[in-house]
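Residue indices begin at 1 and follow the sequence shown.
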Amino acid sequence: MTASRDDVDDRSLVRRLRAGEEQAFEEFFALYFQPLYRFALSRVDRRTELARDMAQATICKALEKLHLYRGEAQLFTWMCAICRFEISAYRKSERRDAAGESSRFDPHAEETMARLATDADDPERELLRGEVSRLVHQTVDELPPRYAQALSWKYTDGLPVSEIARRLGSSAKAAESLLTRARDAFRTRYSRNA
């Protein structure tokens with residue numbers, strides 16, 4: 001069974017990482033990459049490759065700056081602050097590039113134009129869809145890590161319960177029970193956030 005963020009003492013994990021323990025790095029990546037990806041995804045207009053890049057940059061920057069982590073906040077909260085900074089730095093760079101190189105091809109321009117053309121008839125619907133997406137990601141970020149991971153496997157990756165059970169190291173019945181609790185927690189938090 002894999003550890004969840006709730007099961008890991010942040011300071012202990014940081015000590016192990018700073019000592020160069022390979023198992024600690026694997027644990028760190030397994031615990032934090034997906035939550036950071038979801039955190040970034042909702043903040044970069046659902047651009048999946050960019051969200052993946054931001055999550056990876058955050059992991060790298062966090063590892064580089066581990067000596068600054070004092071344990072006053074949860075490790076994930078600390079990394080979310082780093083991720084916000086990475087996204088902000090990317091946007092500033094993007095604006096500078098756009099101002100200095102207006103002729104440069106934007107790889108997302110075609111996709112954006114197609115989306116605008118499709119939603120031009122109903123901008124209110126597009127605004128509502130973006131707000132719902134933001135609320136969903138915010139709610140998933142607030143869930144206990146094990147719930148968020150199980151819901152991501154089920155609804156983002158489309159995995160069957162048997163595969164989720166295998167990944168959790170549990171029975172299919174236990175995995176289904178976890179998914180039920182995760183869905184209930186999601187509904188409760190979502191209605192509170194909405």
Side-chain angles (χ1 to χ4, degrees), residues 1-101 106-108 130-131 133-153 156-157 167-169 178 182 185-186 189-190 192-193:
M1 185 183 282
T2 58
S4 73
R5 289 194 319 243
D6 294 338
D7 299 334
V8 174
D9 174 44
D10 290 340
R11 289 181 185 173
S12 171
L13 180 59
V14 168
R15 273 193 301 276
R16 291 169 49 218
L17 286 164
R18 292 188 68 199
E21 187 183 313
E22 189 173 330
Q23 179 63 34
F25 175 77
E26 289 173 14
E27 190 176 312
F28 176 72
F29 188 84
L31 289 171
Y32 293 108
F33 181 78
Q34 281 297 327
L36 282 170
Y37 170 76
R38 285 192 306 273
F39 179 85
L41 187 64
S42 65
R43 289 157 179 82
V44 295
D45 303 322
R46 311 233 3 110
R47 291 163 60 186
T48 56
E49 286 301 315
L50 180 57
R52 198 169 286 113
D53 290 347
M54 292 297 104
Q56 288 173 352
T58 299
I59 294 265
C60 292
K61 186 70 74 172
L63 288 169
E64 201 178 289
K65 303 285 184 185
L66 276 178
H67 64 283
L68 299 175
Y69 178 73
R70 295 190 307 259
E72 294 170 354
Q74 288 185 339
L75 187 56
F76 183 67
T77 303
W78 182 72
M79 289 194 305
C80 285
I82 294 171
C83 191
R84 281 188 196 98
F85 178 80
E86 290 296 314
I87 291 168
S88 176
Y90 174 82
R91 287 189 176 135
K92 285 177 187 172
S93 168
E94 207 174 33
R95 283 193 296 273
R96 269 194 312 271
D97 288 349
E101 302 176 31
D106 177 3
H108 302 287
E131 179 62 16
S133 176
R134 187 192 64 74
L135 282 171
V136 166
H137 286 285
Q138 176 186 340
T139 303
V140 170
D141 287 342
E142 292 172 3
L143 290 175
R146 199 172 160 115
Y147 287 0
Q149 183 65 70
L151 290 174
S152 176
W153 284 335
T156 304
D157 300 338
R167 290 182 178 199
L168 292 171
L178 177 73
F186 177 87
R189 282 187 169 90
Y190 184 84
R192 206 178 315 142
N193 289 338

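With rounding to the nearest 0.5 angstrom, the CZ atom of F76 is 11.0 Å from the CG atom of L31. From L41, atom CG reaches atom CG of L36 across 12.0 Å, with rounding to the nearest 0.5 Å. Within the model, atoms CE of M79 and CG of L63 stand 8.5 Å from one another, a figure rounded to the nearest 0.5 Å. If you take CG on L17 and CZ on F29, they are separated by 13.0 Å, rounding to the nearest 0.5 Å. If you take SG on C80 and CZ on F39, they are separated by 4.0 Å, rounding to the nearest 0.5 Å. Distance check: Y90 OH to L50 CG gives 5.0 Å after rounding to the nearest 0.5 Å.
The aromatic rings of Y37 and F33 sit parallel to each other, their planes meeting at less than 30°, with 60° as the upper class boundary.
Remark: F85 engages no residue in a ring pair (Phe, Tyr, Trp, His ring centres under 6.0 Å) (not counting sequence neighbours). For the side-chain hydrogen bond (donor to acceptor under 3.5 Å, both in side chains) test, residues two or more places apart in sequence or in another chain that qualify with E21 are R16.
Side-chain contact check for Y32 versus L13: some heavy-atom pair is nearer than 4.5 Å. Between W78 and E72, the closest side-chain pair of non-hydrogen atoms is not below 4.5 Å. Counting only heavy atoms from C-beta outward, the side chains of L168 and R146 approach each other to under 4.5 Å.
Across all their heavy atoms, R43 and I87 have their closest contact at CB-CD1, 4.0 Å. The two residues A40 and A51 come nearest to each other via the heavy atoms CB-O, 3.9 Å. In terms of heavy-atom proximity, A62 sits nearest to F28 at CB-CZ, 4.3 Å. When all heavy atoms are compared, the tightest approach of P35 to D141 is O-OD1, 4.0 Å. The minimum heavy-atom distance between L143 and R189, with the atom names listed, is CD2-NH1, 3.6 Å.
Taking a cutoff of 4.0 Å between a charged side-chain nitrogen and a carboxylate oxygen, E94 and R47 qualify as a salt bridge.
Put simply, the side chain of T58 gets close to the backbone of M54: a donor and an acceptor are under 3.5 Å apart.
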- prompt: When you look at D9 and R15, which way does the side-chain contact (heavy atoms from CB on, under 4.5 Å) test go after all the steps?
  reply: CA-CA 10 Å; D9 174 44; R15 273 193 301 276; 4.3 Å; yes

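The neighbour count for E26 CD, taken as heavy atoms of other residues, nucleotides or ligands under 6.0 Å away, is above 12.
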